[in-house]
Engineer: 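The structure under discussion is supplied below as C-alpha cells; questions concerning it will follow.
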Amino acid sequence: MSNAKSTYLDELNKVQRAAVEATDGPVLVVAGPGSGKTRVLTYRIAHIIEKGAKPWEVLALTFTNKAAREMKERISKVVGNSADRIWAGTFHSIFARILRQEAPKIGYPSNFTIYDSEDTKSVIKAVLKEMNLSTDVYNPNSVRARISSAKSNLIPPALYEKDKELREQDNMAKRPYMHEIYKRYVARCKRSGAMDFDDLLYRLYELLHRNPDGVREKYQQRFKYVLVDEFQDTNHLQYSIVKKLVVYDGSPRNICVVGDDAQSIYAFRGATIQNMLDFENDFKPHGIQVFKLEQNYRSTEHIVQAANQVITNNRRQIQKEIWSNKGGGQRIKLIRARTDSEEGKRIADTILEQKNRNHLANSDIAILYRTNAQSRVFEEYLRRYNIAYKIYGGLSFYQRKEVKDLLAYFRLAVNPKDEEALRRVINYPKRAIGPSTVDKLSEFAGQQDITMWEAIAQLPLTNRAAASLQTFSTLIKDFSSKVNDPDPYATADYIARRSGLLDTLRKDTTVEGIGRLENVNALLDGVKNFSESDDTFGQEGTEGDEKTLASYIQSIALLTDFDEKNDNGDHVTLMSVHAAKGLEFSSVFVVGLEEKLFPSFMSMDTIDGLDEERRLFYVAITRAESFLTLTYADSRYQYGQMRYNQASRFLEEIDPKHMDIASPLGTKGNSTRIESRMGDDASGAGGASVKGHFKKAANLRGPAVDPKTFRPSPMSEIQAGMKVLHLSFGEGKVLSLDGAKDNPVATIFFQQIDNPQRRIMLKFAKLQVVE
DNA sequence: CTGCACATGTTTTTT
DNA sequence: ACATGTGCAG
C-alpha cells in the first residue's frame, strides 16, 4: 500500500501534495491555469480511498460530463475498478439520480421528465399566451433568465411575490406580472411531472431542507467526503446544497473545493465567485486549509506573464502569482488583418508555417473565437489549404429538431403528462390537429387544472378534431404500453415507424432532409447500443440494470455530446473560448480581438461585464503551451453588414516586450495606411470634441472615459511629456517614447489606476491628446 | 388547417 | 446572413 502511495504522491509538487494529503476538514484549492488541478483532484480522491474510505462515500461534483468522465478515468488508473462506485458526475446528473429515488417525497413522480432550455422556453410562451401578455414586453428569454435566477437564489414564487426589491425591479422593467408568470410556470412544470435544469438543483435543495423521512441525514451520512471542481462556476444554489450535505452537528466537514476566480466565465448564467470568498469565511471557524497552486506547467513565460498582466486589470481577485519555469519561449505573435477573410488566410498560412517549421500536428493547434459565427472564414481557408479541422460547438446532436421530435414521442410514452412533448408531436407528423384545437385543449386543461393529456379524454368535442385526437390518444397509449418492455430498441423502432415520423422524413429528399433521416437513424442506433451495452454511457440516472426505453431517455436527458468520444483524428480544433476551458494546445490562435467583438458589445458597458470578458481573454491565452497568436481585423462581415472595429483594448494590456508584430501582408506602405486610417478617425471627430468631452461613467472602471465622446488622436501626434486620455486607464502622462520606428511604444503614467506605469504600443493604443 | 411571404433579432453555454 | 416567428390568403 505504501508502494502505491509513493507512486502517485511522488508525481506532485509540494503544494499539490499537501492539498492531496489534507483529506480531512475543509480545504480550498486555488488553482491557476495549467497548475495540475485535475491531477490534485483525482489523486486526492485516490488518497481518500487508500486511507480506507469506501468509494461510495465519496461525492465528486463537476460541471460537464466530459470533466466527470475524465476524472473517473484518471481515478480508476490509480485505484482500479472500484472507481466505478464513486459518486462522481455533474451536479445535475448526480442530483437527478438522487431525485429519481426520492422525488415522490416532494410530490414528483420518479419517472419525471427533464425539460431542457427549449422546453422551458416553450412553457413560458404557453404561460404568456394564457395570460394574454405580449412576448415583446415579456421576452421569453428574459423571463426564463429571471425565473432561473430566482431559483438559483432560493426564491420560490411565494417569496418572489412578497419581495419588494424584485417587484420593484419588475415594475421598473414594465413587467409587473413576472411573479404570476413564475408561479404558473412552476405549477405547469409540476403538473407535467417535469423538472427543468434548475429544478434538478432546486428540488434537491427542497428535499434536503424539508427533510421528509430523515432523507437529509441519509445523504449526509452517505457522503463522507465531498469534492467540487470548478468551484468558481457554481451558483448560490449549488453552494447551498453542498453546505446542506456537509454542514451539520458533528460533521467532519470533509469538503474540498477547487477553483480559479480568474477563470470564472459563467457569471452571465448565475455563477458567482462570491462562493469562493464565502467558502473561506464559512469554514474558517472549522480550520479551513487553503492551498494555492501557482506553478504553471503548461505555458512558457511570455504567455504566462502576458496573462498575469491582463488579469491585473480586473478589480477583485484572490491574490496569487502564477509563474512558469519553462523559459521565455516564443513571443506572442500579433497579426493585424484588413478584413475577416484576410484574417482567415493569414492564420491558415501561419498554421502551415508552424507545421513545417515546428513540426506541429494538426491536433496541436486550436483556433479560438468569441462567437461561433466566426468559424466560417477559418473553415473556408483550412479547407482550401487541405488542413483537417473540426468545429466544436453549435447545435448538439440531441438538440436537433428531428432528434428532439422522436425523443418527444419516447418522453410522451413514458410520461404522458409531459406537456411539452405532447405539444411537440401532437400534430407532427400532420394529423389535422391545428393550433386552435391545441389552444382549446390547453385552455381546458388550465381551467380544470389537469394535464393536456387528460384533457384529450375529457374535452367535449364533436368535430373532426375529436376524431383526430382520439387517434392520437390511441397511438400514444399503444406506445406507453411498451415502454417497460425489455427490448428498448424494438420499442423505439416501433415508435419511429408507427408515429409516421420515419415516413415523413423519407419523403424529404433534399440534402438537409437526408441528413435529418440519418440523425434519426443515428438516434435509433444509439438506443440499440444502449440495449446491448452493460453500462449506460457512464451516465447516472438509471435505476438498476434493466434496459427499457424509460431508462434510456433518463440516461440521455443530461447528455449533450453524442460523438465526443470519436475525435481521435488529427485535426485543427475550432471552438469558442468558452468551450476551450480546461483544454490546452501547443499552438493557439485567439482571433477577432476587436472592440465590440472581444470584448463583446453585449458586455462592454458594465464593469462586471468587461471583467468577465477579460477573464475570458485570460482563459483563451492560457490555453497555449508554446505558441500564441493574437489576431484582429479592421473590418468584418457581421449580421450581413460590413463592420469596422478598433483593435481590442485587451491588446494594450499586454506589455509589448512579450509581443512580436507580424510583418503585414502587403508590406509596402502598410504603416502609412495605419496612420492615415487613424488620422481619418481623428479628423472626423474634429477639434470640437477634443477637449473635455469625457466624463466618469459610474458603471465603468474608475477613471474610465465615455466611449461615445472619446476620439483617439493619430499616433504621430503622441509625444513625450504630453497629457493623454485612455479609454479605460483615464488620464496619464507620457513619460517616454521608444521602440521601432513602425512600432513606437510609449511609457505612460496613469495616476488613477493600480499599476500606474504602463508600456503601451501606439499602434493599438487609443489615446486622445489632452494637452 | 396549411403554406407562404415578410419581419425580426441576433454572446458566450452546461445541464 | 440566417434562422425563427408572425400574419394572411387559400
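Throughout, protein chains are lettered first and strands after them, A, B, ... in sequence-line order, and every chain is numbered starting at 1.
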Engineer: Using atom CZ of Phe91(A) as one end and atom C1' of dT14(B) as the other, report the distance to the nearest whole Å.
Structural biologist: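 Value for this atom pair: 12 Å.
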Engineer: For the pair made of CZ in Arg370(A) and P in dT12(B), what is the distance, rounded to whole Å?
Structural biologist: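 Taking atom P of dT12(B) as the reference, CZ of Arg370(A) is at 7 Å.
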Engineer: Think Lys430(A) forms a cation-pi with Tyr428(A), using NZ or CZ under 6.0 Å from the six-ring centre and within 45 degrees of its axis?
Structural biologist: no
Engineer: How many whole angstroms separate atom CD of Glu118(A) from atom P of dT13(B)?
Structural biologist: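 Roughly 17 Å, once rounded to whole Å.
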Engineer: Between Ala432(A) and Val577(A), just flag the one whose closest nucleotide in DNA chain B comes earlier from the 5' side.
Structural biologist: Ala432(A)
Engineer: In this structure, how many angstroms lie between the P atom of dT13(B) and the CG atom of Leu368(A), rounded?
Structural biologist: 12 Å
Engineer: According to side-chain contact (heavy atoms from CB on, under 4.5 Å), who are the partners of Gln374(A), at least two apart in sequence or on a separate chain?
Structural biologist: Tyr369(A), Arg370(A), Thr371(A), Val591(A), Leu597(A), Arg636(A)
Engineer: Return the set of residues passing side chain to side chain donor-acceptor pair (under 3.5 Å) with Ser117(A) (not counting sequence neighbours), or none when no residue passes.
Structural biologist: none
Engineer: Of the options dT13(B), dT15(B), dT11(B), whose atoms approach the side-chain atoms of Met602(A) most closely?
Structural biologist: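 Ranking dT13(B), dT15(B), dT11(B) by closest atom to the Met602(A) side chain puts dT11(B) first.
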Engineer: Does Ser576(A) contact dT13(B) through a side-chain donor or acceptor facing the base, at a distance under 3.5 Å?
Structural biologist: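 Answer no: no donor N or O sits under 3.5 Å from an acceptor.
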Engineer: May I have the distance from Glu612(A) (atom CD) to dT12(B) (atom C1'), rounded to whole angstrom?
Structural biologist: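 Distance, rounded to whole Å: 8 Å.
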Engineer: Mind checking salt bridge (charged side-chain N to carboxylate O under 4.0 Å, His left out) for Lys244(A) and listing every partner two or more places apart, or none if nothing turns up?
Structural biologist: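 Partners of Lys244(A) under the salt bridge (charged side-chain N to carboxylate O under 4.0 Å, His left out) test: none.
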Engineer: Go through the structure and list residues passing side-chain contact (heavy atoms from CB on, under 4.5 Å) with Ser499(A), not counting sequence neighbours.
Structural biologist: Tyr409(A), Phe479(A), Leu501(A)
Engineer: Quick check for you: among dG3(B), dT15(B), dT13(B), whose closest atom lies nearest to any side-chain atom of Lys430(A)?
Structural biologist: dG3(B)
Engineer: For Ser341(A), check side chain to side chain donor-acceptor pair (under 3.5 Å) against everything at least two apart and list the hits.
Structural biologist: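 Partners of Ser341(A) under the side chain to side chain donor-acceptor pair (under 3.5 Å) test: Tyr381(A).
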Engineer: With a 4.0 Å heavy-atom cut-off, tell me which residues in residues 263-272 of chain A come close to DNA chain B, sorted by residue number.
Structural biologist: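 Nucleic-acid contacts, sorted: Tyr266(A), Phe268(A), Arg269(A).
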Engineer: By ring-ring contact (aromatic ring centres under 6.0 Å, His included), which residues pair with Tyr205(A), not counting sequence neighbours?
Structural biologist: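 Listed in chain order: His209(A).
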Engineer: Got a sec, which residues hit side chain to side chain donor-acceptor pair (under 3.5 Å) with Arg146(A), two or more places apart in sequence or on another chain?
Structural biologist: Tyr160(A), Gln169(A), Asp170(A)
Engineer: Protein within reach of the bases, or only the backbone? For nucleotides 2-10 of chain C, mark each nucleotide 5' to 3' as B, S or -, using heavy atoms under 4.0 Å.
Structural biologist: S--S-----
Engineer: Let me know the distance between CG of Asp340(A) and P of dA1(C), rounded to the nearest Å.
Structural biologist: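 After rounding, the reported distance stands at 12 Å.
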Engineer: Below 4.5 Å, heavy atoms only, C-beta onward: do Leu368(A) and Thr573(A) meet side chain to side chain?
Structural biologist: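 A side-chain contact under 4.5 Å is absent here.
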Engineer: Kindly write out the residues that satisfy ring-ring contact (aromatic ring centres under 6.0 Å, His included) with His578(A), not counting sequence neighbours, or none if the list is empty.
Structural biologist: Tyr266(A), Phe268(A)
Engineer: Flag the pair Phe63(A) / Phe91(A) as yes when their ring centroid distance falls below 6.0 Å, and as no otherwise.
Structural biologist: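 Aromatic pair counts; centres sit under 6.0 Å.
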Engineer: Tell me which pairs pass salt bridge (Lys or Arg N to Asp or Glu O under 4.0 Å) where either residue lies in residues 391-402 of chain A, with sequence neighbours left out.
Structural biologist: Lys401(A)-Asp405(A)
Engineer: Rounded to whole angstrom units, what separation is found between the NZ atom of Lys151(A) and the C1' atom of dT14(B)?
Structural biologist: 16 Å
Engineer: Given atom CZ of Arg144(A) and atom P of dT15(B), what is their separation to the nearest angstrom?
Structural biologist: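 To the nearest whole Å, that distance equals 15 Å.
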Engineer: Using the side-chain heavy atoms of Ser117(A), tell me which of these nucleotides is nearest: dC1(B), dT15(B), dT11(B).
Structural biologist: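 My answer, after comparing the listed nucleotides, is dT15(B).
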Engineer: List, with names and distances, any nitrogen or oxygen atoms from the protein found under 3.5 Å away from nitrogen or oxygen atoms belonging to nucleotides 7-9 of chain B.
Structural biologist:
none

Engineer: Classify the nucleic acid contact of Asn372(A) as base, sugar-phosphate or nothing, counting any heavy atom under 4.0 Å across all strands shown.
Structural biologist: sugar-phosphate
Engineer: How do Asn427(A) and His92(A) order along DNA chain B: which one's closest nucleotide is nearer the 5' end?
Structural biologist: Asn427(A)
